Q: 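Let me begin by handing over the structure; questions about it come next.
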2 protein chains.
Amino acid sequence: MTSVYSGSGDPKRSIELLWGIQERPRRGPKPRLTVDGIAAQAIAIADAEGLSALSMRRVAAELGVTAMSLYSYVPGKAELVDVMADRVFGELAAAGDEPEGWRAGLELVARRSWDLYLRHPWLLQVATSRPLLGPNVIAKYDQELCAVAGTGLTVIEMDLTVTLVANYVHGAVRGAIEAAQAEQRTGMSDDVWWEQYAPLLEKVFDAERYPTAAAVGPVAGEELGAGDPARAFEFGLERLLDGIEVLIRGRAGEAADRDRV
Amino acid sequence: MTSVYSGSGDPKRSIELLWGIQERPRRGPKPRLTVDGIAAQAIAIADAEGLSALSMRRVAAELGVTAMSLYSYVPGKAELVDVMADRVFGELAAAGDEPEGWRAGLELVARRSWDLYLRHPWLLQVATSRPLLGPNVIAKYDQELCAVAGTGLTVIEMDLTVTLVANYVHGAVRGAIEAAQAEQRTGMSDDVWWEQYAPLLEKVFDAERYPTAAAVGPVAGEELGAGDPARAFEFGLERLLDGIEVLIRGRAGEAADRDRV
DNA sequence: CGCGATCTCCATACAACGTAGAGAGTTAGA
DNA sequence: TCTAACTCTCTACGTTGTATGGAGATCGCG
């Protein structure tokens, strides 16, 4: 989770970075690089090998400069990650037209977010709470809110609903990515891993003490096995939207009641 | 997220560690430490200062030994974190008696998990997908499944439902913890931070382009401001349980239909 | 009893990390 | 042309996890 923190630096500098307002330096040698170029290279590394492989030295090396050169473009690693995150959120905006109706809208929001995380798993480890108010993050927020506009929900409820979907997707995609990475990291498929693990576990696991786990675990493992976090995502999304529908129907009912009076 | 990986090591060794089956060494000097003691110290550090402050040297120093001593108890840092996680999950088992009914049960599961993460925020960064099948993790899984047993859901659905709740809580608590840590890290309350940020943002933010965000953002900020991720959690939990209720009601209906036929 | 296998613990070492500091070299405004 | 401002590099410091090898303690076995 969240192993890279953002917004530690000067807010003014961060805003300039994220929004690309770098007043052209008047003197000195022409910059060989750009913030966008650096961010793009960093994103490529993080996508391919994860955040742990992302180092200033590595990014610099691939750009043909030394690590310290980067510090004339970016105050530090944390701010670079902020830029990376905002750039990557930009992919969401490009994604086609909005469907009709809040349910299809929210579903699309969730799916787009899911896909985005799968493309950029390192995003899960970036703290997005406080700052990071880059142009693309704001666009994303707006896009999400639009999906639940006109449903009769209060403004606060709209925000809460959008947050709920975001939180759920985050949690679900984390499971999916962990599973995928576990396989990649250990070089062992889930099946193979279980084959090794199961006999060892049997020796210590007390089936009588945990009858429910003993009954469900193997079946769930068998059926869902080998990376069906995608199915878990679908299942959860359906339930989530059902729950939101209950709320929205209730609001509509209230409105109807008021009209009747 | 997830910045510490687990299960890279030998499964047999991991199982022994997690379940405490260390066959007493017959020869050599008496160990000065125990795995549990090491884990406890490590947990204390991580609780107080976060996973990033947790280093082998640090743990060792507080136990009065050198870093390398720890390696005779634990194969590496990853495995130590595994043990830490399992130990900490043990707190869930101790938590009182189970309520009647699936809804109250699931709600309690969610709340207990929420509380646990708040007590041990570093848990968010530990990959829990593959191994980690320590005694307490299994107990937790059993406890959660029990909450949805006897609802008419299939075994698979029980697993999916429990996963759904876990995923949601994970996502929600992440938001809460990030907000809290942002405040602590920057030494700035959300309000103060916004005061600094807002005027800068106004210069670059185009309210006409994003009318919904412009309308909702300030209100949500005002009302929810200063760390009400707790409220977001409550709101989301309610929706989630409503959604699950739709499913369970549906299953009950199907059963009734079958009985009628 | 005493030898040797086996263990714990320590000191040292290595590569990699983010980045501070100082200096070399380039450019444009005065 | 002079100089302020800028980019880029080199070196260095304090971290990190952990590989390696050795010193000393302890027990099983002869």
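Not measured: the values here are computed from a predicted model. All chains are named by letter (A, B, ...) in the order of the sequence lines, taking the proteins before the strands, and each is independently numbered beginning at 1.
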Q: Is the distance from OP1 or OP2 of dC8(D) to the nearest side-chain N or O of Arg32(A) less than 4.0 Å?
A: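 True: Arg32(A) side-chain N/O within range (under 4.0 Å) of dC8(D) OP1/OP2.
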
Q: Quick one: list whatever passes ring-ring contact (aromatic ring centres under 6.0 Å, His included) with Tyr117(A), sequence neighbours left out.
A: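 Only His170(A) meet the ring-ring contact (aromatic ring centres under 6.0 Å, His included) criterion with Tyr117(A).
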
Q: Among residues at least two apart in sequence or on other chains, which ones pass side-chain contact (heavy atoms from CB on, under 4.5 Å) with Arg57(A)?
A: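 side-chain contact (heavy atoms from CB on, under 4.5 Å) check on Arg57(A) returns Ser55(A), Ala67(A).
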
Q: Roughly how many Å is it from NZ in Lys30(A) to C1' in dC8(D), rounded to a whole number?
A: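 Lys30(A) atom NZ is separated from dC8(D) atom C1' by 16 Å.
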
Q: Tell me, please, which residues at least two apart from Tyr73(A) pass side-chain hydrogen bond (donor to acceptor under 3.5 Å, both in side chains).
A: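 Partners of Tyr73(A) by the side-chain hydrogen bond (donor to acceptor under 3.5 Å, both in side chains) criterion come out as none, since no residue qualifies.
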
Q: Please report the distance, rounded to the nearest Å, between CG in Leu33(A) and P in dC6(D).
A: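 Leu33(A) atom CG is separated from dC6(D) atom P by 17 Å.
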
Q: So how far is it from Leu116(A) CG to Arg119(A) CZ, rounded to the nearest 0.5 Å?
A: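 One gets 5.5 Å once the value is rounded to the nearest 0.5 Å.
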
Q: Who are the side-chain hydrogen bond (donor to acceptor under 3.5 Å, both in side chains) partners of Arg111(A), not counting sequence neighbours?
A: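 In terms of side-chain hydrogen bond (donor to acceptor under 3.5 Å, both in side chains), with neighbours along the sequence ignored, Arg111(A) is linked to Glu107(A), Glu234(A).
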
Q: Could you state the CG-P distance from Leu63(A) to dT9(D), rounded to the nearest angstrom?
A: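 Distance, rounded to whole Å: 11 Å.
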
Q: So, does Ser69(A) get its side chain near the phosphate of dT9(D), meaning an N or O under 4.0 Å from OP1 or OP2?
A: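 Yes, because at least one side-chain N or O of Ser69(A) sits under 4.0 Å from OP1 or OP2 of dT9(D).
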
Q: For Tyr73(A) and dT7(D), give me the distance from atom OH to atom P, rounded to whole Å.
A: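 That distance rounds to 6 Å.
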
Q: Who are the ring-ring contact (aromatic ring centres under 6.0 Å, His included) partners of Tyr168(B), not counting sequence neighbours?
A: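 Partners of Tyr168(B) by the ring-ring contact (aromatic ring centres under 6.0 Å, His included) criterion come out as none, since no residue qualifies.
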
Q: Just to verify, what does Thr66(A) make a side-chain hydrogen bond (donor to acceptor under 3.5 Å, both in side chains) with, not counting sequence neighbours?
A: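 Per chain and number, Thr66(A) pairs via side-chain hydrogen bond (donor to acceptor under 3.5 Å, both in side chains) with Ser69(A).
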
Q: Dump the pairs, protein N or O against N or O of nucleotides 1-3 of chain D, anything under 3.5 Å, distances to one decimal.
A:
none

Q: Phosphate oxygens OP1/OP2 of dC9(C): is one of them under 4.0 Å from a side-chain N or O of Thr66(B)?
A: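 Answer is no, no contact under 4.0 Å.
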
Q: Nucleotides 16-19 of chain C: which of its N/O atoms have a protein N/O under 3.5 Å away?
A:
| unit_1 | atom_1 | unit_2 | atom_2 | d |
| --- | --- | --- | --- | --- |
| dC17(C) | OP1 | Ser55(A) | OG | 3.0 |
| dG18(C) | OP1 | Met56(A) | N | 3.4 |
| dG18(C) | OP1 | Lys77(A) | NZ | 3.0 |
| dG18(C) | OP2 | Met56(A) | N | 3.0 |
| dG18(C) | N7 | Arg57(A) | NH1 | 2.6 |
| dG18(C) | O6 | Arg57(A) | NH2 | 3.1 |
| dT19(C) | OP2 | Tyr71(A) | OH | 2.7 |
| dT19(C) | OP2 | Lys77(A) | N | 3.1 |
| dT19(C) | O5' | Tyr71(A) | OH | 3.4 |
| dT19(C) | O4 | Arg57(A) | NH2 | 3.2 |

Q: Which residues pass the side-chain hydrogen bond (donor to acceptor under 3.5 Å, both in side chains) test with Asp47(A), not counting sequence neighbours?
A: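 Result, side-chain hydrogen bond (donor to acceptor under 3.5 Å, both in side chains) vs Asp47(A): His120(A), Trp122(A).
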
Q: Heavy atom of residues 41-50 of chain A under 4.0 Å from DNA chain C: which residues?
A: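 Within this stretch, nothing sits under 4.0 Å of the strand.
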
Q: For a side-chain contact (heavy atoms from CB on, under 4.5 Å) check, start with the C-alpha distance between Arg209(B) and Asp142(A), then their side-chain angles and the critical distance, and finish with the verdict.
A: CA-CA 9 Å; Arg209(B) 187 155 169 213; Asp142(A) 187 81; over 6 Å; no

Q: Could I get the full list of side-chain contact (heavy atoms from CB on, under 4.5 Å) partners for Ala40(A), not counting sequence neighbours?
A: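 Counting only residues at least two positions away or on another chain, Ala40(A) forms no side-chain contact (heavy atoms from CB on, under 4.5 Å).
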
Q: Can you name the residues that form a side-chain contact (heavy atoms from CB on, under 4.5 Å) with Asp36(A), not counting sequence neighbours?
A: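 Scan of Asp36(A) (side-chain contact (heavy atoms from CB on, under 4.5 Å), adjacent residues dropped) gives Thr34(A), Arg87(A).
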
